[in-house]
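Notes for the one structure printed next.
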Amino acid sequence: MARSTKRTLVFFVIASLCFGGTYVAAKAGLSYFPPLLFVAFRFDIGALLLLGYVLHRFPRSELLPRTRADIASILAAGVFAIGLANAFIFIGQQFTTSAVSSIMYSLNPILTPVFATVMLADEDISKYGVGGLLLGLGGVALVVNLDPTNIFSGAVVGKAIVLTGAISGALGSILIRSADASLPSTVRTAWAVPVGAVLCHSLSLATGEKAAMVAWTPTALVALGYLGVFSGAIAFIAYFSLLDDIGAIRGNLIFYVVPVVATLGGWILLGETISAWTFAGFLVIFAGFALIGRGPLLAELARVHQSLTERHSGRHPRDG
């Protein structure tokens, strides 16, 4: 196996495992932390680690935002893609399982092209995109298991809150793209995580959460440590390195491995189970993503095939 292929596989596995474990650690820790303060503490730890990493890894010329676009991309990432997205996940997960939360959030890659069509002039949604969106919404309906008798129950409301987190994450990714910043993605994230921390601390104070509400047990410390170090720093580094290596289309496939990791982790560590309807909903959501990604994926495969053909014939792709 080539070195680059091994590197890609390592990043894919690390990002999938770390992000998948987020939902398990969050569920375990919510018994000891108020949700918004829990997210804020997680970002405090992640911010310190990420800032230390980029200071070591990147030259000084690439560390500071220099334009309004750089600042806009940091705010979009910190407020929407990181801060609000995770705040909604942690609030909603008080009422549902690790598996269901991760499946609801896996709608993010389906929502992103919809926002792109509305907000970006160079994007247009195809008939496959419309079909993928409808499939995704159908999958959500299966996961939520709507019933007139339980529509306002805690479980349904919790799933709706997590879905709001997915919407915030998708919106954030489009705002980041529209900003067209020059900062490297990892550097942008290192600045965005502190923004998310400040936002979540502010929301925590505004809702009356206090540090005295935290029960500092060994389980609480392990959960917070995991979220701060593994899903708050290592996962981001692996994920953005993966995107640099193989692009967003294939890199974002991790979001369909994450629910598997979260489901297994919740079952093994927390004794959670997953219903047949939830599993069916996940498959439908995945089918929706596959339909939306059909065009870009086929184009990427055609490009790779052309490159391999030209290389096999002894002609470099840039040759005339």
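Only this structure's heavy atoms are used, side chains among them; waters, hydrogens and symmetry mates stay out.
To the nearest 0.5 Å, atoms OG (Ser168) and OH (Tyr105) are separated by 7.0 Å. Taking CD1 of Ile237 as the start and CG of Leu49 as the end, the distance is 8.0 Å to the nearest 0.5 Å. Arg57 contributes atom CZ, which lies 11.0 Å from atom CG of Leu63 (distance to the nearest 0.5 angstrom). The structure places CD1 of Ile82 at 5.5 Å from OG1 of Thr189, a figure rounded to the nearest 0.5 Å. Atom OG1 of Thr186 is separated from atom CD of Glu62 by 10.5 Å, given to the nearest 0.5 angstrom. Remark: Phe58 CZ to Leu183 CG distance equals 10.0 Å, nearest 0.5 Å.
Leu36 is not listed as a side-chain neighbour of His201, based on a closest heavy-atom distance of 4.5 Å or more. Met213 places none of its side-chain heavy atoms less than 4.5 Å from the side chain of Phe33. Looking at heavy atoms from C-beta onward, Leu269 lies out of side-chain contact with Ser98 at the 4.5 angstrom threshold. In this structure, Thr263 and Phe279 have side chains that are not in contact, with every pair of non-hydrogen atoms separated by 4.5 Å or more. Counting heavy atoms from C-beta outward, Phe88 and Ile167 have side chains that stay 4.5 Å or more apart. Inter-residue side-chain proximity for Glu209 and Pro35 is flagged as met; some heavy-atom pair is nearer than 4.5 Å. Looking only at side-chain heavy atoms (C-beta outward), Leu199 and Val79 come within less than 4.5 Å of each other. A 4.5 Å side-chain heavy-atom check between Leu203 and Leu84 finds at least one atom pair inside the cut-off.
A donor-acceptor pair under 3.5 Å is formed between the side chain of Lys27 and the backbone N or O of Thr96. Under the 3.5 Å distance criterion, the side-chain polar atoms of Gln93 are left unmatched by any main-chain donor or acceptor of Ala26. With hydrogens and angles ignored, the 3.5 Å screen pairs a side-chain donor or acceptor of Asp70 with a backbone N or O of Ser182. Of the possible donor and acceptor atoms, none in the side chain of Ser16 sits under 3.5 Å from a partner among the backbone N and O of Val13.
The minimum heavy-atom distance linking Ala28 with Leu270 is given by the pair CB-CD2, 4.1 Å. Across all non-hydrogen atoms, the minimal contact from Val261 to Gly21 is CG1-N, 4.1 Å. For Ala81 against Ile176, the heavy-atom pair with the smallest separation is CB-CD1, 4.4 Å. Nearest heavy atom pair, residue Val258 against residue Ser102, reads CG1-CB, 4.3 Å. Ala211 and Leu37 get closest at one heavy-atom pair: CA-CD2, 3.9 Å. The shortest heavy-atom contact between Val162 and Ser101 is CG1-O, 3.5 Å.
Ile268 and Tyr23 end up in different hydrophobic clusters when Ile, Leu, Val, Met, Phe, Trp and Tyr side chains are linked at under 4.5 Å. Under a hydrophobic clustering in which Ile, Leu, Val, Met, Phe, Trp and Tyr are joined whenever their side-chain heavy atoms come within less than 4.5 Å, directly or via other members, Val214 and Leu205 fall into different clusters. Hydrophobic clustering (ILVMFWY, side-chain heavy atoms < 4.5 Å, transitive): Phe236 and Ile45 are in one cluster. Cluster annotation: Tyr53 and Leu48 are assigned to distinct hydrophobic clusters (Ile/Leu/Val/Met/Phe/Trp/Tyr, side-chain heavy-atom contacts under 4.5 Å, transitive). Hydrophobic clustering keeps Val100 apart from Val260 (ILVMFWY residues linked when any side-chain heavy atoms are closer than 4.5 Å, directly or through intermediates).
Between Phe38 and the choices Phe90, Phe43, Tyr32, the ring pair (Phe, Tyr, Trp, His ring centres under 6.0 Å) rule is met once, by Phe90. Of the residues Leu50, Val54, Ile74, the one that meets the side-chain contact (heavy atoms from CB on, under 4.5 Å) test with Trp191 is Ile74.
Other residues, nucleotides and ligands contribute only 12 or fewer heavy atoms inside 6.0 Å of the CZ atom of Phe80.
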Go through the steps for Val257 and Phe12 under the test side-chain contact (heavy atoms from CB on, under 4.5 Å), then give the verdict.
CA-CA 10 Å; Val257 180; Phe12 191 96; 3.8 Å; yes

Which atom pairs, one a donor and one an acceptor, fall under 3.5 Å between side chains of residues 221-231 and the rest of the protein, sequence neighbours left out?
from: Tyr226; atom 1: OH; to: Leu17; atom 2: O; distance (Å): 3.2
from: Tyr226; atom 1: OH; to: Cys18; atom 2: O; distance (Å): 3.0
from: Ser231; atom 1: OG; to: Thr22; atom 2: OG1; distance (Å): 3.3
from: Ser231; atom 1: OG; to: Arg42; atom 2: NH2; distance (Å): 3.4
from: Ser231; atom 1: OG; to: Leu227; atom 2: O; distance (Å): 3.1

